[in-house]
Asker: 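Got a structure for you, written out below as structure tokens; questions coming shortly.
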There are 2 protein chains.
Amino acid sequence: MTERSTGAPLPRGLRQAWGLDTTAGRPGPKAMLSLAGIAASAIALADAEGAEALSLGRIAERLGVTTNALYRYVDSRDDLDVIVHDHALGAPPRIPDGADWVEAAAAWCRALRDRYARHPWLSDMRVRIPFAPHSLAWLEDLLERLEGSGLGDRERLQAAGLLDGYVRTRAGAARDLLRADAGTPDAGEVIERIGPDLFAARVPRVASLISAGLYRTPHEVAEEDFEFGLDRILSGLRRLAGG
Amino acid sequence: MTERSTGAPLPRGLRQAWGLDTTAGRPGPKAMLSLAGIAASAIALADAEGAEALSLGRIAERLGVTTNALYRYVDSRDDLDVIVHDHALGAPPRIPDGADWVEAAAAWCRALRDRYARHPWLSDMRVRIPFAPHSLAWLEDLLERLEGSGLGDRERLQAAGLLDGYVRTRAGAARDLLRADAGTPDAGEVIERIGPDLFAARVPRVASLISAGLYRTPHEVAEEDFEFGLDRILSGLRRLAGG
DNA sequence: ACCTGAACACCGTTCAAGT
DNA sequence: ACCTGAACACCGTTCAAGT
């Protein structure tokens, strides 16, 4: 038992996620809820209605409980967001045997993309420095995959940030396209409203790409875009590694 | 005057940003505010207190006006966000003469990074498909820089998305580090709270990188990280272009 | 120790005036 | 056409009970 240094304590939800809050055998009434249950309920809500629908009240309603009850499990809305994000992300997949480091890294990227595809609202959550267990496990896993690359410590960390950022960016773009399928703003319609002539005069290259249909991106094309960027990055990394 | 097709009209703020709302010479009292003034006020507020401080009420307060007055200039909070984002981004820089396409693209990326550095809270704003004039002008500008590359239409658009996403990701990371300098969560402290042994057992590679000080990122190191990823991407693109 | 109920400050949005 | 003032539903958060 080492002395605790001064400073802010870990938020309740994060502490629980790391398995530090051994709630077993404590006095008083036993809990009606669990952090995992709260997270699952929040995820179901977000899956159904998107990130904007997430609120303490809506989650509590689903659980048949008062809003304030959630504060027994979580310190704040912010704390809750971290937990929900981490639960929706889930544990990273196992590393495939026998793949070289480039293929292993590519598999990591596709796996992360798939998680985002399953929960598109993840792209709407504020990005944070990851300290939740699953988030860190993903990073750990990617670092492991990069160990065969011959890149240095620093370079592996940089490469991990590059790949992770790439996947998240693409996931956000894919989410936007999903959203465009439903209701909101269609490129062609917006241009119509702005005025095609004004639009073409101001941003001719963008206008011509749109009218060539290159802005319209069905699912398989988004897949190609994803692989395009991934290939560029991995090609750049392989070259650096002297492959 | 062509017939308007059915569908949602352009939000008021966006229409104004494109110069479509010729407010001159209309009946009734003249406006006390302007969209540009509202945006400037919002930017000053966010610069001072961050994205969380942004609200219609706080902006109106700075302008000496009621919250509801803003609805004469903007359709919704969402509409306002688009305008604020676009104003903070500003117009893209001119293309440097004589640079080859790789250097021109790199200059674009650095310029965008600098805009984000000036307004770090931009990284906290929801990412959207860009339809505001400055946002589109940046895209137009990058597409122009890529014209000398020999890449095809589709590839140029993909490359633009890749580079743009990269810069935004890095800007978000840089913002997190800024935030870590002030108050919030320090890596070492969080590990201390989780328990260094548990942490090292679960994510050994991350733990060793942190204890090696590679997580600590002063300003010049962030700069190196930025150039690292940029080099990888541009190297991958050059190779594709057959350079 | 858990959960409820009441209260607070704040948020975006609407509607009916006033000028 | 602009701006105000009142009202609404909703949000996160706190505090004092109850069990």
Side-chain angles (χ1 to χ4, degrees), chain A residues 8-9 11-13 15-16 20-38 41-42 45-46 49-84 121 124-126, chain B residues 8-9 11-13 15-16 20-38 41-42 45-46 49-84 121 124-126:
Chain A
R12 208 192 287 241
R15 239 166 56 225
Q16 242 269 22
L20 298 175
D21 255 2
T22 49
T23 177
R26 263 202 304 216
K30 59 180 180 227
M32 299 176 60
L33 309 173
S34 70
L35 191 65
I38 293 170
S41 179
L45 175 60
E49 302 187 40
E52 325 82 67
L54 274 184
S55 77
L56 295 173
R58 295 292 306 277
I59 296 167
E61 183 187 25
R62 277 177 165 256
L63 293 164
V65 106
T66 291
T67 301
N68 310 343
L70 301 183
Y71 281 91
R72 284 291 118 189
Y73 301 85
V74 130
D75 271 350
S76 65
R77 167 64 195 269
D78 214 68
D79 189 18
L80 177 75
D81 277 347
V82 171
I83 267 58
V84 171
W121 47 270
D124 288 321
M125 305 204 79
R126 265 233 313 104
Chain B
R12 207 192 289 242
R15 239 166 55 224
Q16 242 271 21
L20 298 175
D21 255 3
T22 50
T23 177
R26 263 202 304 215
K30 60 182 179 227
M32 298 176 60
L33 309 173
S34 69
L35 191 65
I38 292 171
S41 179
L45 175 60
E49 302 187 41
E52 325 82 68
L54 273 185
S55 78
L56 295 173
R58 296 291 307 277
I59 296 167
E61 183 187 23
R62 278 179 164 254
L63 293 165
V65 107
T66 290
T67 301
N68 311 343
L70 300 183
Y71 282 90
R72 284 292 118 190
Y73 301 85
V74 130
D75 271 349
S76 66
R77 168 62 196 270
D78 214 68
D79 188 19
L80 177 75
D81 277 346
V82 171
I83 266 60
V84 171
W121 47 269
D124 289 321
M125 304 204 81
R126 266 230 315 102

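Letters A, B, ... are given to chains in the order of the sequence lines, protein chains preceding strands, and every chain is numbered from 1. Atom set for the values below is all heavy atoms of this structure, side chains included, hydrogens, waters and symmetry mates excluded. The shown structure was predicted, so the numbers you read here are calculated from the model rather than taken from an experiment.
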Asker: Find the distance between CE (M32(A)) and CG (L63(A)) and round it off to the nearest 0.5 Å.
Answerer: 9.5 Å
Asker: Quick check on DNA chain D: between P29(A) and D78(A), whose nearest nucleotide comes earlier from the 5' end?
Answerer: D78(A)
Asker: Going from CG on L35(A) to CG on D79(A), what distance comes out if it is rounded to the nearest 0.5 angstrom?
Answerer: 8.0 Å
Asker: Taking all atoms of both residues into account, what is the closest heavy-atom pair of A51(A) and D124(A), and its distance?
Answerer: CB-CB, 3.7 Å
Asker: Can you tell me how far C1' of dA17(C) sits from CZ of R72(B), to the nearest Å?
Answerer: 13 Å
Asker: Report the distance from atom CG of D21(A) to atom C1' of dC2(C), rounded to the nearest whole Å.
Answerer: 14 Å
Asker: Starting at the 5' end of DNA chain C, write a dot or bracket for each base, bracketing those in Watson-Crick or G-U wobble pairs whose two distances are under 3.5 Å and using | for partners on another strand.
Answerer: ||.|||||...|||||.||
Asker: Grab the NZ-P distance between K30(B) and dT19(C) for me, whole Å please.
Answerer: 19 Å
Asker: Base, sugar-phosphate, or nothing for A31(A), non-hydrogen atoms under 4.0 angstrom?
Answerer: sugar-phosphate
Asker: Kindly say whether A69(A) contributes a backbone atom to a donor-acceptor pair with the side chain of T66(A) at under 3.5 angstrom?
Answerer: no
Asker: With Y73(A) as reference, evaluate I83(A), D21(A), I38(A) under the side-chain contact (heavy atoms from CB on, under 4.5 Å) test and give the passing residue.
Answerer: I38(A)
Asker: Looking only at heavy atoms, what is the nearest atom pair of E49(A) and A53(A), with distance?
Answerer: CB-CB, 3.4 Å
Asker: Can you tell me how far CZ of R72(B) sits from CG of L33(B), rounded to the nearest 0.5 angstrom?
Answerer: 12.0 Å
Asker: I would like to know whether I59(A) and V84(A) meet side chain to side chain contact (heavy atoms under 4.5 Å, CB included); could you show each step before the answer?
Answerer: CA-CA 11 Å; I59(A) 296 167; V84(A) 171; 5.5 Å; no
Asker: What is the minimum heavy-atom distance between A42(A) and L54(A), and which atoms define it?
Answerer: O-CD2, 3.4 Å
Asker: What's touching nucleotides 10-12 of chain C from the protein side, N or O pairs under 3.5 Å?
Answerer:
| residue | atom | partner | partner atom | Å |
| --- | --- | --- | --- | --- |
| dC11(C) | OP1 | S55(B) | OG | 3.0 |
| dG12(C) | OP1 | R77(B) | NH1 | 2.5 |
| dG12(C) | OP2 | L56(B) | N | 3.0 |

Asker: List the steps, then state whether side chain to side chain contact (heavy atoms under 4.5 Å, CB included) holds for R62(A) with L45(A).
Answerer: CA-CA 8 Å; R62(A) 277 177 165 256; L45(A) 175 60; 3.7 Å; yes
Asker: Roughly how many Å is it from CE in M32(B) to P in dT19(C), rounded to a whole number?
Answerer: 15 Å
Asker: Polar pairs (N or O, both sides) under 3.5 Å between protein and nucleotides 6-9 of chain C?
Answerer:
| residue | atom | partner | partner atom | Å |
| --- | --- | --- | --- | --- |
| dA6(C) | N6 | N68(A) | ND2 | 2.9 |

Asker: What closest approach, in Å, do P11(A) and D75(A) show between heavy atoms, and which atom pair accounts for it?
Answerer: CA-OD2, 3.5 Å
